[in-house]
2 protein chains.
Amino acid sequence: MVVSPEPSADYLDGLFGALADATRRDILARVMDAEASVSELAARYPMSFAAVQKHVAVLEQAQLVVKRRDGRTQRVAGNPDAVRRANRLLQQFEEIWRSRVGGLDELLSTSNQGE
Amino acid sequence: MVVSPEPSADYLDGLFGALADATRRDILARVMDAEASVSELAARYPMSFAAVQKHVAVLEQAQLVVKRRDGRTQRVAGNPDAVRRANRLLQQFEEIWRSRVGGLDELLSTSNQGE
DNA sequence: AGGACTTACAACCATTTGGTTGTACGATAG
DNA sequence: CTATCGTACAACCAAATGGTTGTAAGTCCT
């Protein structure tokens with residue numbers, strides 16, 4: 001019996017993959033603090049506009065960030081729910097550690113990789 | 001003023017990168033529950049021994065896992081501290097969200113990407 | 001209408017990643 | 001001593017990633 005409906009493996013791949021880049025973590029922190037347009041963000045990093053645009057797209061795909069069109073600009077805002085979801089998965093690893101019951105196999109339909 | 005000495009960008013890249021793969025998350029969950037040898041782990045996944053070995057190496061590099069030689073086998077054990085560190089970073093993103101002070105720039109020496 | 005600004009997206013390139021097979025080597029069992 | 005088991009590691013390959021430049025299109029201003 002699975003206690004909570006776990007996010008899919010693909011979703012988690014995207015989530016942690018998105019967090020596995022310093023530029024993207026920085027962008028995420030910025031837009032969690034306050035919305036910003038893509039060009040405002042791009043101005044802060046030593047790379048092309050298109051590169052930053054791609055990073056934002058990765059964050060958006062991972063649902064860590066939401067885009068909202070506002071006239072000719074695109075406002076990027078952080079999505080705390082996705083952060084919380086990532087957090088919860090890590091807490092589950094700690095849970096597993098603390099309980100250490102053995103016979104994990106049923107529980108592991110969770111971070112399932114065999115489907 | 002930075003509250004806690006933040007892990008380096010490279011370390012975090014490795015940490016989240018290691019978590020961005022379903023097989024590795026599964027391995028991590030297993031060894032958090034109970035130690036296992038590399039070959040015991042390899043037996044559970046539909047891929048070569050060498051592939052699993054590489055996944056374990058990635059987890060080890062990220063310090064999510066520790067290897068300990070025992071005779072001819074190699075015992076792999078989970079490291080809850082690394083999980084906790086990842087957890088803390090995510091909690092900081094939520095902190096940023098909750099406070100939303102603006103003028104984040106100083107705080108962002110943290111997930112720094114420009115060094 | 002025309003020009004500047006913001007975004008989107010395609011094409012391309014180098015590097016990394018995730019997998020394979022094959023070889024080698026130390027530790028254990030006969 | 002020899003065979004086998006568990007591990008390590010190199011070489012190789014295809015696909016994904018992170019970057020680039022260039023082109024096009026929508027929006028705002030005059």
Side-chain angles (χ1 to χ4, degrees), chain A residues 9-28 30-31 34-62 64-77 111-115, chain B residues 9-28 30-31 34-62 64-77 111-115:
Chain A
D10 281 355
Y11 170 74
L12 293 175
D13 288 3
L15 225 194
F16 288 110
L19 290 169
D21 181 283
T23 302
R24 284 195 294 262
R25 286 192 300 273
D26 197 85
I27 292 174
L28 179 59
R30 286 217 147 81
V31 301
E35 282 192 8
S37 71
V38 181
S39 44
E40 281 166 0
L41 291 171
R44 308 194 109 106
Y45 304 97
M47 68 188 70
S48 69
F49 175 84
V52 174
Q53 209 179 338
K54 280 194 192 179
H55 282 305
V56 172
V58 171
L59 288 167
E60 190 186 15
Q61 176 90 16
L64 282 163
V65 132
V66 168
K67 281 201 294 189
R68 197 193 87 229
R69 167 144 266 119
D70 174 30
R72 72 176 146 181
T73 82
Q74 189 88 259
R75 308 299 295 178
V76 182
S111 14
N112 199 335
Q113 60 75 244
E115 58 185 336
Chain B
D10 281 354
Y11 170 74
L12 293 175
D13 288 2
L15 227 193
F16 288 111
L19 290 168
D21 180 282
T23 301
R24 286 195 293 263
R25 286 193 301 273
D26 197 85
I27 291 175
L28 180 59
R30 286 216 146 82
V31 299
E35 282 191 10
S37 72
V38 181
S39 44
E40 280 167 0
L41 290 170
R44 309 193 107 105
Y45 305 97
M47 67 187 71
S48 69
F49 175 84
V52 173
Q53 209 178 339
K54 280 194 192 177
H55 282 305
V56 171
V58 171
L59 289 167
E60 190 186 14
Q61 175 89 15
L64 282 163
V65 133
V66 167
K67 280 201 293 190
R68 196 193 89 227
R69 168 145 266 120
D70 176 28
R72 70 177 150 184
T73 82
Q74 190 87 257
R75 308 298 298 178
V76 183
S111 15
N112 200 335
Q113 59 77 241
E115 60 186 335

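Here the side chains of Met47(B) and Thr23(B) are in contact, with some heavy-atom distance below 4.5 Å. You'll find the side chain of Asp21(A) stays beyond 4.5 Å of the side chain of Phe16(B), heavy atoms only. Under the 4.5 Å side-chain criterion, counting only non-hydrogen atoms from C-beta, Arg25(B) is in contact with Asp13(A). In this structure, Glu40(A) and Arg30(A) have side chains that are not in contact, with every pair of non-hydrogen atoms separated by 4.5 Å or more. Taking the side chain as every heavy atom from C-beta outward, Leu64(A) and Val31(A) never approach each other to under 4.5 Å.
Atom C1' of nucleotide dA8(D) and atom CZ of Arg75(B) are separated by 18 Å, given to the nearest angstrom. Across the protein-nucleic acid pair, Leu59(A) atom CG and dT17(D) atom C1' stand 14 Å apart, rounded to whole Å. A straight line from CZ of Arg68(A) to C1' of dT6(C) spans 15 Å, rounded to a whole angstrom. When rounded to the nearest whole Å, the span between CD of Glu40(B) and P of dC5(D) equals 15 Å. Put simply, CZ on Phe16(A) is 16 Å from P on dT17(D), counting in whole angstrom units. Atom CG of Asp13(B) is separated from atom P of dT16(C) by 13 Å (rounded to the nearest Å).
Residues satisfying the side chain to side chain contact (heavy atoms under 4.5 Å, CB included) criterion with Val58(A), sequence neighbours excluded, are Ala18(A), Arg24(A). Partners of Ser39(B) under the side-chain hydrogen bond (donor to acceptor under 3.5 Å, both in side chains) rule, at least two apart in sequence or in another chain, are Ser37(B). In terms of the side-chain hydrogen bond (donor to acceptor under 3.5 Å, both in side chains) criterion, residue partners of Arg68(B) (sequence neighbours excluded) are, by chain and number, Glu35(B).
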Interface polar pairs with nucleotides 25-28 of chain D, N/O, under 3.5 angstrom:
none

What nitrogen or oxygen pairs link the protein and nucleotides 19-23 of chain D at under 3.5 Å?
residue: dG19(D); atom: OP2; partner: His55(A); partner atom: NE2; Å: 2.2
residue: dG19(D); atom: N7; partner: Lys54(A); partner atom: NZ; Å: 3.0
residue: dG19(D); atom: O6; partner: Lys54(A); partner atom: NZ; Å: 2.3
residue: dT20(D); atom: OP1; partner: Ser48(A); partner atom: N; Å: 3.3
residue: dT20(D); atom: OP2; partner: Ser48(A); partner atom: N; Å: 2.8
residue: dT20(D); atom: OP2; partner: Ser48(A); partner atom: OG; Å: 2.5

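Listed pair Gln53(A) / dC9(C) fails the phosphate criterion, with no side-chain N or O lying under 4.0 Å from OP1 or OP2. Remark: Thr73(B) is not in phosphate contact with dC5(D), judged by side-chain N or O atoms under 4.0 Å from OP1 or OP2.
Sequence neighbours left out, the pairs with a member in residues 52-62 of chain A that pass salt bridge (Lys or Arg N to Asp or Glu O under 4.0 Å) are Glu60(A)-Lys67(A).
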